[in-house]
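Residues take their numbers from the sequence shown, with the count starting at 1.
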Amino acid sequence: MKRILVTGGAGFVGSHLCDRLLNDGHEVISLDNYFTGEKSNIVHLMDNPYFEVIRHDVTMPFFIEVDEIYNLACPASPIHYQYNPIKTVKTSVMGAINMLGLAKRIRAKILQASTSEVYGDPLVHPQTEDYWGHVNPIGTRSCYDEGKRVAETLFVNYHVQNKVRIKIIRIFNTYGPRMHPNDGRVVSNFIVQALKGEDITVYGDGSQTRSFQYVDDLVNGMLKMMATGDEFTGPVNIGNPGEFTILDLAEKVISLTGSKSKIVYRPLPSDDPLQRQPDISLAKEKLGWQPTVRLEAGLKKTIAYFDQLLRKG
Ligand code: NAD
Ligand code: UDP
């Protein structure tokens, strides 16, 4: 049994990771400031004596003795990370410094939840880990993209300078139960709109693409990455290579929900990447990992979750 700290543990991905780590027999501490996470995501774990909850902001130093740290604290939806861009940069950068300082002091292994956004609006397709990216440093997404890029820089430098055992994964668009219904990301938006019979808001002409990964696949990839030997630090892409246009997604959601919603078109936000698809050769080779949940199967589970949530009111 290991003692494991999950920052952002009350968020969408973090709460699934806490579930899985506890199921695997570990002791888990969730650290969260509840900016985008919710207690309701982890309330079912509160009776578990091996689960602890700490309200804390990663931009402030924190001390605890653990074996492993998963650093997930950071808003992930464009609406939320653009709400207070300075805070988003602080969360990524100071959060990384604080957690890496902790990992160094207590000799813990630490995994960074980086993102496909480090590739920006990519000119290389599909994206491989050796692509340096195409990021606007002063655009609306830069607080998130550049914050995550600096976090990767910090991770690599703590590894080189201080021998901290690091792991970096670049997560591609992930969806599933416990996304916030008002989170603003495309899968949750479309499902909630379809279930409520509201218009489905496609930004731009809907020809931009994304590759959608079900959350269970991501959690498997995270655990496999953490379990690799110290010599493998990443970064490694963790995503589902199945690539869809946003219009494809809207049509799939309408068909799976049997909704009467109509598709409406809204302006494309600035710097919205045109295409995104992970090359996962490295993850296959180094982690023996690949996603197993197809989009339709994952959407059905996510629709069932939101359906129940909306019925509760
Ligand atoms: P989320 O917004 O649901 O979860 C983030 C969690 O971090 C929330 O619980 C939030 O309250 C917490 N948090 C935010 N700022 C904090 C701070 N300063 N101190 C402490 N806690 C703070 O998002 P998610 O989808 O679960 O994403 C988790 C991580 O994975 C993020 O780091 C995100 O950048 C990364 N990621 C996610 C995706 C995706 O598609 N879900 C894709 C790429 C990367
Ligand atoms: N999008 C959309 N309608 C919505 C929400 C998002 O068409 O209601 C588009 C958005 O413009 C982007 C894609 O869906 O092209 C994915 O958006 P999301 O915010 O989920 O994540 P991103 O990959 O852009 O960070």
Side-chain angles (χ1 to χ4, degrees), residues 2-9 13-14 17 21 26 28-29 31 56 58-74 76 88-120 127-133 135 137 144-172 218-239 278-289:
K2 289 182 189 134
R3 187 179 305 145
I4 301 174
L5 176 67
V6 178
T7 77
V13 175
L17 179 63
L21 292 170
H26 300 295
V28 176
I29 299 114
L31 178 159
H56 183 80
V58 282
T59 60
M60 312 295 273
F62 181 72
F63 185 78
I64 193 168
E65 297 241 344
V66 290
D67 303 298
E68 292 177 352
I69 304 169
Y70 288 85
N71 188 36
L72 274 63
C74 184
T88 300
V89 175
K90 285 185 181 172
T91 295
S92 271
V93 176
M94 294 164 71
I97 291 171
N98 288 327
M99 288 304 127
L100 284 161
L102 174 64
K104 175 185 165 190
R105 189 163 164 192
I106 61 174
R107 297 182 191 284
K109 223 192 236 188
I110 179 166
L111 179 144
Q112 168 67 357
S114 190
T115 167
S116 53
E117 282 285 317
V118 299
Y119 302 123
Q127 292 78 57
T128 42
E129 290 83 354
D130 56 5
Y131 176 50
W132 292 353
V135 175
Y144 184 73
D145 299 9
E146 299 289 19
K148 289 283 188 179
R149 285 167 67 100
V150 173
E152 286 199 11
T153 308
L154 285 162
F155 268 69
V156 167
N157 286 306
Y158 268 79
H159 174 66
V160 172
Q161 250 177 275
N162 297 129
K163 308 279 173 282
V164 174
R165 295 181 294 154
I166 63 149
K167 306 281 171 193
I168 301 172
I169 58 166
R170 293 184 178 152
I171 304 170
F172 284 65
L218 167 59
V219 170
N220 280 334
M222 291 177 125
L223 297 192
K224 289 205 172 214
M225 180 58 172
M226 191 60 116
T228 53
D230 290 349
E231 71 293 343
F232 184 62
T233 59
V236 61
N237 291 336
I238 300 288
D279 180 317
I280 58 164
S281 315
L282 188 66
K284 282 184 181 165
E285 180 199 328
K286 297 285 188 185
L287 318 182
W289 173 90

Can you confirm whether [X] sits close enough to [Y] that some side-chain heavy atom of one is under 4.5 Å from a side-chain heavy atom of the other?
X      : Y      : result
Met222 : Val13  : yes
Val135 : Lys148 : no
Leu282 : Val236 : yes
Tyr158 : Ile110 : no
Cys74  : Tyr144 : yes
Tyr70  : Ile4   : yes
Ile168 : Val156 : yes

State whether Arg149 and Glu146 are salt-bridged, where the test is any N-O pair (Lys NZ or Arg NE/NH1/NH2 against Asp/Glu carboxylate O) under 4.0 Å.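 A salt bridge is present here (some side-chain N lies under 4.0 Å from a carboxylate O).
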With rounding to the nearest 0.5 angstrom, report the [atom1] to [atom2] distance, [X] to [Y].
X      : Y      : atom1 : atom2 : answer
Leu5   : Ile29  : CG    : CD1   : 6.0 Å
Thr233 : Glu231 : OG1   : CD    : 9.5 Å
Arg3   : Ile64  : CZ    : CD1   : 7.0 Å
Gln161 : Leu154 : CD    : CG    : 10.0 Å
Asn157 : Asn162 : CG    : CG    : 9.5 Å
Thr7   : Ile69  : OG1   : CD1   : 8.5 Å

Where [X] and [Y] come nearest, the two heavy atoms and their spacing:
X      : Y      : value
Thr91  : Ala73  : CG2-O, 3.4 Å
Ala113 : Ile171 : CB-CD1, 3.8 Å
Ala151 : Ala96  : CB-CB, 4.0 Å
Pro278 : Gly239 : CG-C, 3.7 Å

Which one of Glu152, Gln112, Glu117, Gln127 satisfies the side chain to side chain donor-acceptor pair (under 3.5 Å) criterion with Arg170?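 The residue from Glu152, Gln112, Glu117, Gln127 that satisfies side chain to side chain donor-acceptor pair (under 3.5 Å) with Arg170 turns out to be Glu152.
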Would you say [X]'s side chain and [Y]'s backbone share a donor-acceptor pair under 3.5 angstrom?
X      : Y      : answer
Lys167 : Phe232 : yes
His159 : Arg165 : no
Asn98  : Val58  : yes

Quick one: which of Leu111, Val160, Leu100 gives a side chain to side chain contact (heavy atoms under 4.5 Å, CB included) with Ile166?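 Checked Leu111, Val160, Leu100 against Ile166; only one passes side chain to side chain contact (heavy atoms under 4.5 Å, CB included): Leu100.
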Run the numbers on Asp145 and Thr115 for side chain to side chain contact (heavy atoms under 4.5 Å, CB included), then give the verdict. CA-CA 8 Å; Asp145 299 9; Thr115 167; 5.9 Å; no
Start with the C-alpha gap between Leu17 and Val28, add the side-chain angles, then the distance that decides, and say whether side chain to side chain contact (heavy atoms under 4.5 Å, CB included) holds. CA-CA 10 Å; Leu17 179 63; Val28 176; over 6 Å; no
Side chain to side chain contact (heavy atoms under 4.5 Å, CB included) assessment of Ile280 paired with Trp289: CA-CA 9 Å; Ile280 58 164; Trp289 173 90; 4.3 Å; yes
Residue pair Ile238, Met225: steps toward the side chain to side chain contact (heavy atoms under 4.5 Å, CB included) verdict: CA-CA 10 Å; Ile238 300 288; Met225 180 58 172; 5.6 Å; no
Is the ring pair Tyr131/Tyr119 parallel, tilted or perpendicular, if the boundaries are 30 and 60 degrees?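 Correct class here is parallel.
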